[in-house]
Amino acid sequence: MTSFWHPFADQAAVAAGGELVIDRGEGVHVWDEAGRRYLDATAGLWFCNAGYGRQEIADAAAAQLARMPHYSCFGDFANRPVLDLAERLAALAPVPGTVSFFTSGGSDAVDTAVKLVRRWWQETGHSERSLIAVRRNAYHGMHVAGTSLSGIPANRQGYGELLESVVQVPWDSADALAAALDEAGPAAEAEVRALLDEPQLRPFARVWLVQQGLEDPRSLDRDSAALLMAESLGSILDQDGPDGLLEYLGQLGPPAEQADVLGDLWRAATPRAAELLGVVARAHPSAQVAKAARKAAFKLRTTTRR
Ligand SMILES: Cc1ncc(COP(=O)(O)O)c(C=O)c1O
């Protein structure tokens with residue numbers, strides 16, 4: 001056993017089994033000290049995966065190290081490589097006017113990003129906006145902010161209190177994210193308002209704002225209401241099948257009311273509308289409702305949507 005403390009390791013197991021000392025690399029392969037060759041399938045895990053033995057990288061690093069390894073960029077100090085790299089990144093970035101803040105790695109970058117976001121809201125008079133939603137299983141590094149944001153329990157546990165105002169949601173559930181936003185209440189308003197610019201999400205954002213008392217309910221136009229209804233009925237169809245859908249429609253009210261709801265579905269900008277109307281037209285026990293669905297399906301087929 002050496003005096004080296006291995007990251008992400010059971011130190012006792014390493015001590016019992018010994019270390020695998022990797023000695024050199026070329027392209028996608030590495031060799032251990034005994035001369036055995038391995039394919040590096042982890043592609044330079046934790047480091048830059050540019051391949052091994054790249055002479056041009058070694059030459060550039062050697063030249064720079066000889067000239068000057070680095071110089072602090074505090075205040076107005078700069079050095080040429082840092083300026084060149086920032087220019088190159090700005091030219092590649094999709095956002096005009098991009099500036100780069102360089103860090104020592106991913107964990108450092110995540111900590112810096114969390115600080116920047118919080119600072120932004122403090123400076124713009126919204127210090128209440130501190131909640132960060134993270135996904136279960138997420139990995140964001142091992143510094144303090146990244147540890148606080150980790151969705152991997154083993155990476156978070158055992159450190160006492162970490163960063164406050166972090167809410168974790170299942171990685172694959174938009175509903176859970178919506179529930180987290182509900183809990184955040186008006187603090188989430190700006191995020192939800194930003195969704196008003198996305199046609200498919202607009203009605204959901206409107207409903208959320210109405211529920212929070214942040215928007216006039218009359219602003220929910222008929223197209224948006226129809227899209228919401230189509231998505232809701234669609235998820236009932238997915239979960240409970242055609243019978244479940246018909247049962248749910250039955251609970252909406254007498255046939256005339258059901259016909260009203262379905263009669264508007266042609267306005268919904270989603271392929272779900274045609275599917276739903278087809279099911280209702282075929283299977284609804286009320287001739288009035290089935291007819292309304294057929295009419296709406298016809299309108300859907302013959303209307304050119306914007
Ligand atoms: C999303 C994300 N954040 C942070 C990190 C941490 O990066 P580093 O190991 O350079 O600290 C990683 C590394 O895999 C990552 O994938």
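In each ligand, atom 1 is the first atom listed, and ligand 1 is the first ligand listed. Every value quoted in this text rests on a predicted model; they were computed, and no experiment measured them.
Between the D111 side chain and the A145 main chain, a donor and an acceptor come within less than 3.5 Å of each other. Side chain of R136 to main chain of P170: no donor-acceptor pair is present (N/O by atom type, distance under 3.5 Å, no hydrogens or angles).
Atom 13 (C) of ligand 1 has as its closest protein heavy atom Y139 CE2, 3.5 Å.
H6 and E19 share a donor-acceptor pair across their side chains, judged by distance under 3.5 Å alone.
Proximity annotation for atom 6 (C) of ligand 1: of G105, S107, S104, S107 comes nearest, heavy atoms only.
Distances below 4.0 Å separate heavy atoms of G106 from the following atoms of ligand 1: 4 (C), 6 (C), 7 (O), 8 (P), 10 (O), 11 (O).
An N or O contact shorter than 3.5 Å is missing between V110 and ligand 1 by distance.
Relative to the six-membered ring of W31, R24 meets both conditions, a distance below 6.0 Å and an angle of at most 45° to the axis.
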